[in-house]
Amino acid sequence: MEEITIVGVDLAKSVFQVHAADSGGRSVIRKRLPRTRFLTFMSQVRPCLVAMEACATAHHWARELTALGHDVRLIPPIYVKPFVKRQKNDANDAEAIVEAAMRPSMRTVPVKSPEQQALAMLFRTRELLLTQKTQLVNALRAHLAEHGVIVAGGRRSIDPFIRVLDDVTNALPHGVRKEVGAIYLDRIARTAGEIEDLERQIDEQAREHEMAQRLRTIPGVGPVTAMAVEAFAPAMESFARGRDFSAWLGLVPRQHSSGGKQRLGRTSKMGQRDIRRLLISGAMSIIHWRGRNGGKPGSWLARMLACKSRMLTAIALANKLARIIWAIMTRKDVYRDPAGTVC
């Protein structure tokens, strides 16, 4: 058997497809393995390059394979897709992973540590609970509207719902007032309490991380955003400049250029959505508080608001905040803006 130099693995829930190739890219092994036998098989293979598509479970397997002495590379699935030949199946996917990994210019995803994944789970759980709370509030508001009782939207507190359900003059049925309505209020209150607990944990961790404290000196960057950068962003040294980090977040215009003519479109959104969403929210808060009455005369924010919409200005400001984050993390400094060039 020829020596194996690269192994492509198509991960799944129960069955993994393995495609091993030699230095010339010729197939040596094509094999389906149960999940329980995968590490046993890889321990019998001499240390080599192992490539996988970056997904939720890939980071765990990358750490396990690294412990066996293999060099692991995680490739974004969108970069593997062009190498799939005709029919889409596990065997062709594993072969395409090998083809993609052999390209010297192929981009890879850094392997996350268990601590990073635990912090990411904290953020994702908070987002899930926020979504569930919004669903409960909207459902209760819709049910009350069916009975002719309107509760104004945009309120974060459940006090208006409590007052409506306690008001005996609105002729709500007893089942709505005391039974089903009480279930909604209890679930909303419990979910809100769990969200507060998670945010308290995030704030406590932000106080313990020195870099998070540096990031919090930036306007519009709070403990949640600072810890999101710690959880989801790779090492800033992997980006040559601040614009590269901003492009990784999806905060730069989409290009459709040809023949030397530059054509820039809408924001690409081809990046890390958690950090991007938080930066845009932070930028909107800056515009809300510091951009009132058009902003400080002569500032960058005032010039943008004079000719652009608030949302477009927020995206441009989020782009600027991303570059500032890159500069602070690479230089290990704090934010200083005495001239008010940002806002």
Side-chain angles (χ1 to χ4, degrees), residues 6-19 31-43 49-68 70-84 88-101 106-132 135 194-195 198 201-202 205 224-225 227-236 238 245 247-250 268-279:
I6 183 171
V7 177
V9 183
D10 183 54
L11 299 174
K13 293 181 180 178
S14 301
V15 179
F16 295 173
Q17 180 71 37
V18 175
H19 182 96
K31 195 177 187 67
R32 293 185 67 191
L33 292 171
R35 186 175 187 272
T36 54
R37 291 175 49 196
F38 175 62
L39 287 181
T40 302
F41 171 81
M42 293 304 299
S43 64
L49 174 63
V50 180
M52 298 178 288
E53 287 184 328
C55 62
T57 60
H59 297 274
H60 163 74
W61 292 113
R63 293 192 295 267
E64 295 290 334
L65 293 172
T66 300
L68 295 177
H70 296 289
D71 179 17
V72 182
R73 296 181 186 176
L74 303 182
I75 305 175
I78 192 173
Y79 295 151
V80 176
K81 187 177 180 179
F83 296 93
V84 177
K88 201 276 184 193
N89 53 55
D90 293 346
N92 287 345
D93 286 348
E95 183 178 0
I97 292 172
V98 171
E99 293 284 348
M106 181 56 60
R107 297 178 181 178
T108 59
V109 176
V111 179
K112 294 182 179 179
S113 65
E115 293 75 19
Q116 281 183 301
Q117 288 188 295
L119 189 55
M121 181 179 177
L122 183 63
F123 278 95
R124 295 284 162 78
T125 304
R126 173 181 172 272
E127 291 295 325
L128 175 63
L129 293 178
L130 285 171
T131 302
Q132 292 177 347
Q135 291 174 340
E194 291 168 347
I195 293 172
L198 293 178
Q201 294 181 38
I202 293 174
Q205 295 196 34
V224 175
T225 305
M227 293 308 297
V229 174
E230 292 274 355
F232 298 113
M236 289 296 160
S238 61
F245 176 57
W248 181 78
L249 293 176
S268 67
K269 297 184 181 179
M270 299 175 64
Q272 218 294 325
R273 65 176 184 269
D274 300 273
I275 303 176
R276 181 177 65 246
R277 182 175 61 247
L278 290 170
L279 287 179

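Note that this is a predicted model, so its numbers are computed, not measured.
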Check against side chain to side chain contact (heavy atoms under 4.5 Å, CB included), Leu39 and Leu68: CA-CA 9 Å; Leu39 287 181; Leu68 295 177; 4.2 Å; yes
Are any side-chain N or O atoms of Arg73 and backbone N or O atoms of Ala51, one a donor and one an acceptor, separated by less than 3.5 Å?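 Such a contact is absent between Arg73 side chain and Ala51 backbone.
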Could you tell me whether a side-chain N or O of His59 sits under 3.5 Å from a main-chain N or O of Ala54, the two making a donor and an acceptor? no
Grab the two heavy atoms, one from [X] and one from [Y], that are nearest each other, plus how far apart they are.
X: Ile97; Y: Met52; result: CG2-N, 4.0 Å
X: Ala233; Y: Phe245; result: CB-CE1, 4.2 Å
X: Ser43; Y: Thr40; result: OG-O, 2.6 Å
X: Gln272; Y: Ile275; result: OE1-N, 2.9 Å
X: Leu11; Y: Cys55; result: CD1-SG, 4.0 Å
X: Tyr79; Y: Ala100; result: O-CB, 4.3 Å

Starting at [atom1] of [X], measure out to [atom2] of [Y] and round the result to the nearest 0.5 Å.
X: Leu74; Y: Thr108; atom1: CG; atom2: OG1; result: 7.5 Å
X: Met42; Y: Glu64; atom1: CE; atom2: CD; result: 12.0 Å
X: Met227; Y: Ile202; atom1: CE; atom2: CD1; result: 8.0 Å
X: Leu119; Y: Ser113; atom1: CG; atom2: OG; result: 9.0 Å
X: Met121; Y: Arg126; atom1: CE; atom2: CZ; result: 15.5 Å
X: His70; Y: Trp61; atom1: NE2; atom2: CH2; result: 12.5 Å

Within a 6.0 Å radius of atom CZ on Arg37, are there more than 12 heavy atoms belonging to other residues, nucleotides or ligands?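 Counting neighbours around CZ of Arg37, 12 or fewer heavy atoms of other residues, nucleotides or ligands fall under 6.0 Å, so no.
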Using distance alone, with no hydrogens and no angle criterion, decide if Arg63 and Gln117 have a side-chain donor and acceptor under 3.5 Å apart.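 There is such a pair (donor and acceptor under 3.5 Å, judged by atom type) between the side chains of Arg63 and Gln117.
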I'd like to check [X] versus [Y] (side-chain heavy atoms, cut-off strictly below 4.5 Å). Are they in contact?
X: Phe232; Y: Arg273; value: no
X: Asp93; Y: Val80; value: no
X: Val109; Y: Ile75; value: no
X: Trp248; Y: Ser238; value: no
X: Gln17; Y: Asn89; value: no
X: Phe16; Y: Asp10; value: no
X: Phe41; Y: Lys31; value: yes
X: Glu127; Y: Arg277; value: yes

Derivation of the side chain to side chain contact (heavy atoms under 4.5 Å, CB included) call for Leu249 and Leu279: CA-CA 10 Å; Leu249 293 176; Leu279 287 179; 3.7 Å; yes
Go through the steps to decide whether Ile6 and His19 satisfy the test side chain to side chain contact (heavy atoms under 4.5 Å, CB included), and finish with yes or no. CA-CA 8 Å; Ile6 183 171; His19 182 96; over 6 Å; no
Using side chain to side chain contact (heavy atoms under 4.5 Å, CB included), reason through Val229 and Met236 one step at a time and then give a plain yes or no. CA-CA 10 Å; Val229 174; Met236 289 296 160; 4.1 Å; yes
Ion pair Glu53/Lys81, N-O distance below 4.0 Å: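 Answer for the salt bridge query: no.
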Taking 4.0 angstrom as the limit, do Arg32 and Asp90 come out as a salt bridge? no
